[in-house]
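What follows is a set of notes on a single structure, which appears directly below.
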Amino acid sequence: MKAGKKTGLAFLVLVIWMTAAVAAQAAVRVYHHRGYRRSGPSNLEVVLEGGMASPVGDVSDPLDFEGVGKDAGTGYELGIRLRQFTGAGVAISPAFHYVEFGKTSGIGDFDLGAGLGYEVKTSLMRYGVDFQFFMGPRRGRTAALYLSGGVALIHNRYRDELSGFGPYEASVNTPGVSVGAGLRATNFELSASYTFDRFSTDQMASVDGDLDYNWDYLSVRFGLAFGAR
């Protein structure tokens, strides 16, 4: 099994386990005399995230089938985050995000023929663990700042297609680092994150030998949290 698939399977198992833990904590009751009362506050929550992802590195350079530029534009990001509070406003947060940059298309002349329509699409999947530091109450009514930093395995994907010739697809896994900050009020969040995503491959351009790619990107996300009280 390839490394990306192994990591994806491990992350899926972690998601299932931690989601079950949230449900179990919500269902726990401590009986007292003739009635019952809830146990202490939960320290685990699930956060659904979505927003805008904008390429910052050379993936946004003008399209070059023999180089690193793919003319990627601003796209979108969707994700799920599991957040375990450990005390003193610190949380450990495994997360999965899917990012799809804006695709490009047009008509060009190629060795295979002139006037061929083309489409180029770039996307990635981020399997990460973030460490978050909250500077206010978890669910306060007033917006409170938090800082975030983490590491990830990033599965970078490239796809192009020429009219009449079908698609070509390639991918490469690379480690990545993210830093960011956000504001949180009640169970709503607004955050921004910068991800460093650099790798070398010979699979995304029609030349011999590896090229060095910079797929850094900036995310602006909205989040909705469930679970912790």
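These numbers come from a predicted model, not from an experiment. Sequence positions, counted from 1, serve as the residue numbers for this chain.
Side-chain atoms of Ile154 and Trp215, non-hydrogen and from C-beta on, never get closer than 4.5 Å to each other. Residues Leu153 and Asn173 meet the side-chain proximity criterion, which asks for heavy atoms closer than 4.5 Å. The side-chain heavy atoms of Val59 and Tyr217, taken from C-beta on, include no pair separated by under 4.5 Å. Within the 4.5 Å cutoff, the side chain of Val172 has no heavy atoms near those of the Gln203 side chain. The side-chain heavy atoms of His97 and Thr195, taken from C-beta on, include no pair separated by under 4.5 Å. Side-chain contact between Thr74 and Phe101 is absent, with no heavy-atom pair separated by less than 4.5 Å.
A donor atom on one side chain and an acceptor atom on the other are found under 3.5 Å apart for Asp160 and Tyr158. Side-chain contact check for Arg221 and Ser191: no donor-acceptor pair (N or O, by modelled atom type) lies under 3.5 Å.
The distance from the CG atom of Asp208 to the CD atom of Glu66 is 10.5 Å, given to the nearest 0.5 Å. The CG atom of Leu147 sits 3.5 Å away from the CE atom of Met135 when rounded to the nearest 0.5 Å. Here the CZ-OG distance, from Phe131 to Ser178, works out to 12.5 Å after rounding to the nearest 0.5 Å. Note that CD of Glu161 and CD of Glu169 are 9.0 Å apart. Values are rounded to the nearest 0.5 Å. Distance check: Leu145 CG to Leu183 CG gives 6.0 Å after rounding to the nearest 0.5 Å. Taking CZ of Phe85 as the start and CD1 of Ile92 as the end, the distance is 11.5 Å to the nearest 0.5 Å.
No donor-acceptor distance shorter than 3.5 angstrom exists from the side chain of Thr86 to the backbone of Ala91, with no hydrogens or angles considered. Between the side chain of Lys70 and the main chain of Met204, a donor-acceptor pair closer than 3.5 Å is present. Panel note: side chain Asn187, backbone Phe226; no donor-acceptor pair is recorded below 3.5 Å. In this structure, Asp210 contributes its side chain and Asp202 its backbone to a donor-acceptor pair below 3.5 Å. Not one N or O on the side chain of Asp197 forms a donor-acceptor pair closer than 3.5 Å with the backbone of Asp216. With Thr174 contributing its side chain and Arg198 its backbone, the two residues share a donor-acceptor pair below 3.5 Å.
The cluster map of Ile, Leu, Val, Met, Phe, Trp and Tyr, joined by side-chain heavy atoms under 4.5 Å apart, puts Leu124 and Val56 in different clusters. Two different hydrophobic clusters hold Tyr127 and Val47 under the rule that ILVMFWY side chains link at heavy-atom gaps under 4.5 Å. In the hydrophobic clustering of this structure, Met52 does not group with Leu78; members are Ile, Leu, Val, Met, Phe, Trp, Tyr whose side-chain heavy atoms approach within less than 4.5 Å, directly or through other members.
Of the residues listed (Ser193, Ser219, Ser54), the one engaging Glu77 in a side chain to side chain contact (heavy atoms under 4.5 Å, CB included) is Ser219, and it is the only one.
Residues satisfying the salt bridge (charged side-chain N to carboxylate O under 4.0 Å, His left out) criterion with Glu100, sequence neighbours excluded, are Lys121. In this structure, the ring-ring contact (aromatic ring centres under 6.0 Å, His included) partners of Tyr146, at least two apart in sequence or on a different chain, are Phe134.
Here the closest heavy-atom approach between residue Ala95 and residue Asp130 is recorded as CB-OD2, 4.2 Å. Nearest approach of Val99 to Ala53, heavy atoms of both residues: CG1-CB, 3.6 Å.
The residues Glu189 and Arg81 are annotated as not salt-bridged, no charged nitrogen and carboxylate oxygen being separated by less than 4.0 angstrom. A salt bridge links Arg184 with Glu45: at least one charged nitrogen is closer than 4.0 Å to a carboxylate oxygen.
Checked against the 6.0 Å centroid threshold, Tyr98 and Phe96 do not count as a close aromatic pair.
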Practice item. List the steps, then state whether side-chain contact (heavy atoms from CB on, under 4.5 Å) holds for Tyr118 with Ile107. Key: CA-CA 6 Å; Tyr118 65 85; Ile107 297 176; 5.5 Å; no

Practice item. Show your working on side-chain contact (heavy atoms from CB on, under 4.5 Å) between Thr201 and Tyr213 and close with a plain yes or no. Key: CA-CA 8 Å; Thr201 183; Tyr213 291 85; 3.5 Å; yes

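No more than 12 heavy atoms of other residues, nucleotides or ligands shown are found within 6.0 angstrom of CZ on Phe222.
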